[in-house]
Amino acid sequence: GINAEYGTGVPATVKVYDRILHVTEINFLCVHKKLRSKRLAPVLIKEITRRVELTGIFQAIYTAGIVLPRPVASCRYWHRSLNPKKLVEVSFSHMGPRMTLQRAIKLYKLPDKTTIPGLRPLEKKDVKACWKLLKDYLANYQMAAQFTQAEFAHWFIPRPNVIESFVVENPETHAITDFISFYALPSSILGHRVYKTLKAAYSYYNVATSVSVKDLFHDALILARDRDFDVFNCLDILENSTFLKDLKFGIGDGKLQYYIYNWRCPPMESKNVGLVLM
């Protein structure tokens with residue numbers, strides 16, 4: 001037999017305005033391409049809903065590229081080239097009429113090394129301090145993830161080709177002052193004679209207290225490049241819109257809509273969203 005369809009739901013706690021909701025994050029739903037006209041997706045969604053409600057959870061959060069009734073927030077992806085030569089050759093990026101490949105390589109070139117002192121990979125000993133840093137930061141947003149310390153450790157402790165997390169440790173006090181994270185989402189490249197995989201980094205959660213968020217993100221780009229990522233993707237949520245143009249991100253074509261199932265609340269601007277579905 002073959003796998004005809006697949007869906008996942010992960011329990012999570014999310015703050016929406018002044019309410020704390022226990023929800024399921026629906027973050028992966030697919031149907032075999034030969035069966036997509038058979039309306040199997042509603043059957044799968046109904047079964048996931050049934051099973052989740054048996055656990056006492058009656059709300060869900062999900063995102064989609066299409067507009068359904070009705071989005072809580074509408075966000076846009078931005079893309080930053082790290083390997084412009086490859087991106088052009090696989091037709092991920094297209095150069096403008098006055099742009100050459102050499103100019104593009106020069107335009108997107110990053111420094112050889114990061115610039116923030118004390119920047120290093122997250123370790124298990126940093127979990128408590130980083131968890132509190134992120135928890136305090138996300139309190140500023142109208143819709144935000146609520147991690148327990150154990151959940152933080154599960155989602156953020158680095159795993160190669162899954163999640164990369166870094167901290168800034170003050171050299172004198174050894175306090176953790178800043179935090180960077182991004183996750184890997186590779187795509188297969190079909191029919192290309194040289195490249196088989198496009199390695200994309202997606203911004204997860206970032207907290208800047210001792211440096212500007214722009215400087216922190218600049219170093220995140222260097223860290224991603226050093227780990228052979230080809231492109232860095234980022235939503236215009238959190239504080240991200242304050243640095244996207246300065247760091248040479250290009251605006252994406254489509255939007256990502258956030259939805260809450262079985263919960264009604266006023267819509268919010270993307271800058272008030274503090275939730276990333278990995």
Side-chain angles (χ1 to χ4, degrees), residues 12-21 23 25 27 61-65 71-80 116 119 122 129-148 151-152 155-156 163-168 176-185 200-224 229 231-252 254-260 265-278:
T13 305
V14 177
K15 183 191 76 170
V16 182
Y17 290 103
D18 59 346
R19 298 292 293 273
I20 301 297
L21 303 182
V23 304
E25 290 183 358
N27 201 25
I61 285 186
Y62 59 99
T63 58
V72 174
S74 181
C75 310
R76 190 179 288 274
Y77 268 114
W78 290 66
H79 312 285
R80 208 291 185 179
I116 300 173
L119 180 62
L122 171 74
C130 276
W131 166 68
K132 187 176 187 309
L133 197 67
L134 182 61
K135 181 181 178 182
D136 292 345
Y137 175 69
L138 292 179
N140 299 313
Y141 292 90
Q142 293 175 348
M143 181 167 66
Q146 304 284 287
F147 295 104
T148 65
E151 287 171 338
F152 181 94
W155 290 111
F156 290 94
I163 179 73
E164 301 283 356
S165 301
F166 302 86
V167 298
V168 177
I176 302 300
T177 57
D178 307 83
F179 172 64
I180 297 170
S181 62
F182 52 87
Y183 60 94
L185 195 59
Y202 282 75
S203 176
Y204 199 28
Y205 292 95
N206 306 280
V207 183
T209 65
S210 71
V211 297
S212 70
V213 66
K214 177 183 171 182
D215 290 344
L216 190 70
F217 225 91
H218 180 262
D219 275 7
L221 295 176
I222 298 170
L223 292 167
F229 285 94
V231 62
F232 200 109
N233 299 325
C234 180
L235 285 167
D236 60 352
I237 62 174
L238 300 162
E239 295 179 85
N240 298 349
S241 60
T242 62
F243 60 76
L244 291 170
K245 291 183 179 179
D246 289 342
L247 294 182
K248 301 173 185 175
F249 279 77
I251 193 167
K255 288 192 172 184
L256 188 71
Q257 319 291 339
Y258 278 75
Y259 299 95
I260 305 178
C265 67
M268 63 186 70
E269 295 182 66
S270 60
K271 67 181 181 180
N272 294 318
V273 174
L275 176 67
V276 182
L277 302 188
M278 185 190 290

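The figures that follow rest on heavy atoms only: side chains count, while hydrogens, waters and symmetry mates do not.
Taking the six-membered ring where tryptophan is involved, the planes of F147 and Y205 are perpendicular, since the angle between them exceeds 60° and thus also 30°. Between Y183 and Y202, the ring-plane angle classifies as parallel under the 30° and 60° cut-offs.
Contact annotation: the side chain of L235 never approaches that of S203 to less than 4.5 Å [non-hydrogen atoms, C-beta and beyond]. With contacts defined as side-chain heavy-atom distances shorter than 4.5 Å, the pair V231/R80 does not qualify. You'll find the side chain of L256 reaches within 4.5 Å of the side chain of Y77, heavy atoms only. Between V72 and Y259 there is no side-chain heavy-atom pair separated by less than 4.5 Å.
D236 and S241 are not linked by any side-chain donor-acceptor pair at a separation below 3.5 angstrom, with hydrogens and angles left out of the test.
Note: F179 and Y137 fail the aromatic proximity criterion, with ring centroids not under 6.0 Å apart. Residues F182 and Y204 keep their aromatic ring centres 6.0 Å or farther apart.
For S165 (side chain) and F156 (main-chain N/O), a donor-acceptor pair under 3.5 Å exists by modelled atom type.
Judged as a side chain to side chain donor-acceptor pair (under 3.5 Å), and not counting sequence neighbours, S270 has no contacts.
In this structure, K255 places its NZ atom where only 12 or fewer heavy-atom neighbours from other residues, nucleotides or ligands lie under 6.0 Å away.
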